[in-house]
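Below is one structure; the comments refer to it alone.
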Amino acid sequence: MEVTQVNTGISHSDIRGYQKGIMSEEKFTAIFETYYSRVYKYICYRINNHYDAEEICSQVFEVVISKYISYSPEKSNFEVWLFAIARNAVVDYFRSQKKRVTFSLDSIMDMILPRSSPEEIVIIDDSNEILYKALAKLSDKERNIIGMKYAAGLKNAEIADLLGVSGSNIGVVLFRCIKKLQLELEKGGFQYEK
């Protein structure tokens with residue numbers, strides 16, 4: 001079995017080259033095309049609203065344009081900087097809502113899994129309801145870490161940089177979260193496919 005390295009982002013040398021002045025349209029296009037999907041999925045996962053997620057995602061990329069000149073690769077890598085902006089935008093959204101909103105994976109599930117029959121819809125909705133209840137038992141910090149890991153596709157080290165903790169701490173938190181979710185799913189009657 002051969003393992004290949006997948007390029008999921010823009011290299012530091014590309015970023016340094018971009019910092020020589022105001023961001024050009026080509027530079028922004030490269031960043032936008034590389035990261036939009038991951039940023040959108042992360043935001044959508046956290047706020048459970050497609051329309052607001054699109055708006056917040058637009059705001060994130062506006063901040064990237066306006067603050068790009070201040071980005072420093074010596075402080076953190078580009079993905080960490082970008083997802084810190086996204087995380088702050090989500091926090092601002094929740095502050096503006098002045099209420100605690102539970103999140104849903106429906107939007108992500110709709111993007112990934114096509115629904116074809118009423119029977120499948122009922123089965124998926126039942127499974128999702130159990131999953132939502134299990135996820136609601138996690139703390140905001142735990143849901144945020146799960147969102148960064150599974151919706152945004154960040155590595156443990158990148159999440160650790162964002163949150164100011166060690167990579168091993170993130171690994172432990174993720175392991176414990178998955179165990180909690182597994183227990184809650186089993187309590188809720190979820191049955192694993194064999």
Side-chain angles (χ1 to χ4, degrees), residues 3-97 101 103-113 140-167 169-171 173-174:
V3 177
T4 58
Q5 182 70 22
V6 177
N7 184 4
T8 60
I10 296 174
S11 72
H12 286 295
S13 61
D14 292 338
I15 297 298
R16 283 189 207 102
Y18 292 165
Q19 288 185 312
K20 293 181 180 170
I22 297 175
M23 184 183 293
S24 70
E25 184 177 337
E26 294 81 23
K27 294 172 191 176
F28 175 74
T29 301
I31 291 170
F32 184 83
E33 288 176 354
T34 303
Y35 293 105
Y36 176 81
S37 178
R38 290 174 59 199
V39 170
Y40 173 78
K41 286 178 184 178
Y42 168 72
I43 294 169
C44 196
Y45 172 83
R46 292 291 294 147
I47 70 168
N48 187 29
N49 183 318
H50 289 287
Y51 302 109
D52 287 346
E54 289 174 358
E55 182 66 29
I56 294 168
C57 198
S58 296
Q59 292 169 4
V60 167
F61 284 98
E62 286 174 14
V63 171
V64 167
I65 291 171
S66 66
K67 303 288 184 183
Y68 190 73
I69 196 77
S70 67
Y71 166 70
S72 172
E74 291 81 28
K75 291 181 182 176
S76 68
N77 76 34
F78 183 76
E79 284 184 357
V80 170
W81 182 74
L82 175 64
F83 279 95
I85 293 169
R87 183 188 61 178
N88 291 338
V90 169
V91 168
D92 291 344
Y93 169 82
F94 283 130
R95 283 185 187 141
S96 71
Q97 297 297 309
V101 178
F103 62 93
S104 168
L105 295 177
D106 269 340
S107 57
I108 296 170
M109 298 288 272
D110 289 342
M111 288 185 267
I112 298 170
L113 300 173
D140 286 338
K141 178 184 176 187
E142 291 169 330
R143 286 193 302 268
N144 192 34
I145 290 171
I146 287 176
M148 286 187 231
K149 178 70 174 182
Y150 298 107
L154 294 178
K155 297 175 186 143
N156 289 3
E158 294 168 332
I159 298 169
D161 286 346
L162 270 169
L163 300 179
V165 297
S166 69
N169 179 268
I170 296 299
V173 170
L174 283 168

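Partners of Phe28 according to the ring pair (Phe, Tyr, Trp, His ring centres under 6.0 Å) rule, which considers only residues two or more places apart in sequence or in another chain, are Phe32. Residues meeting the side chain to side chain contact (heavy atoms under 4.5 Å, CB included) test with Ser166, sequence neighbours left out: Ser168, Asn169. Residues passing the side chain to side chain donor-acceptor pair (under 3.5 Å) test with Ser37: none are found, sequence neighbours excluded. Listed by chain and residue number, nothing satisfies the side chain to side chain donor-acceptor pair (under 3.5 Å) test with Asp161 (two or more places apart in sequence, or in another chain). Applying the side chain to side chain contact (heavy atoms under 4.5 Å, CB included) criterion to Glu55, with sequence neighbours excluded, gives Gln59. Residues that satisfy the salt bridge (charged side-chain N to carboxylate O under 4.0 Å, His left out) test with Glu142, not counting sequence neighbours, are Lys180.
In this structure, CG on Asn49 lies 7.5 Å from SG on Cys44, to the nearest 0.5 angstrom. Expressed to the nearest 0.5 Å, how far CD1 of Ile145 lies from CD1 of Ile159 amounts to 7.0 Å. Here the straight-line distance linking atom CD of Glu158 with atom NZ of Lys149 works out to 9.0 Å at 0.5 Å rounding. To the nearest 0.5 Å, the span separating CZ on Arg46 from CD1 on Ile146 amounts to 10.0 Å. Put simply, CG on Asp140 and CZ on Phe94 are 7.5 Å apart, with the number rounded to the nearest 0.5 Å. The CD1 atom of Ile56 lies 6.0 Å from the OH atom of Tyr93; values are rounded to the nearest 0.5 Å.
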Trace of the side chain to side chain contact (heavy atoms under 4.5 Å, CB included) decision for Val165 with Val173: CA-CA 11 Å; Val165 297; Val173 170; over 6 Å; no
Evaluation steps, side-chain hydrogen bond (donor to acceptor under 3.5 Å, both in side chains), between Asn144 and Tyr42: CA-CA 9 Å; Asn144 192 34; Tyr42 168 72; 2.6 Å; yes
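Residues Asn156 and Gly171 come closest through the heavy atom pair ND2-CA, 3.7 Å.
Listed for the Asn88 side chain is a donor-acceptor partner under 3.5 Å among the backbone atoms of Ala84. Side chain of Arg87 to backbone of Leu162: a donor-acceptor contact under 3.5 angstrom is found.
Counting heavy atoms from C-beta on, the side chains of Tyr150 and Leu174 come closer than 4.5 Å. The shortest side-chain heavy-atom distance between Ile170 and Met148 does not fall under the 4.5 Å cut-off. Considering only heavy atoms from C-beta on, Tyr35 stays 4.5 Å or farther from Val64 through its side chain.
A parallel orientation is assigned to the rings of Tyr40 and Tyr36, their planes being inclined by less than 30° (bins at 30° and 60°).
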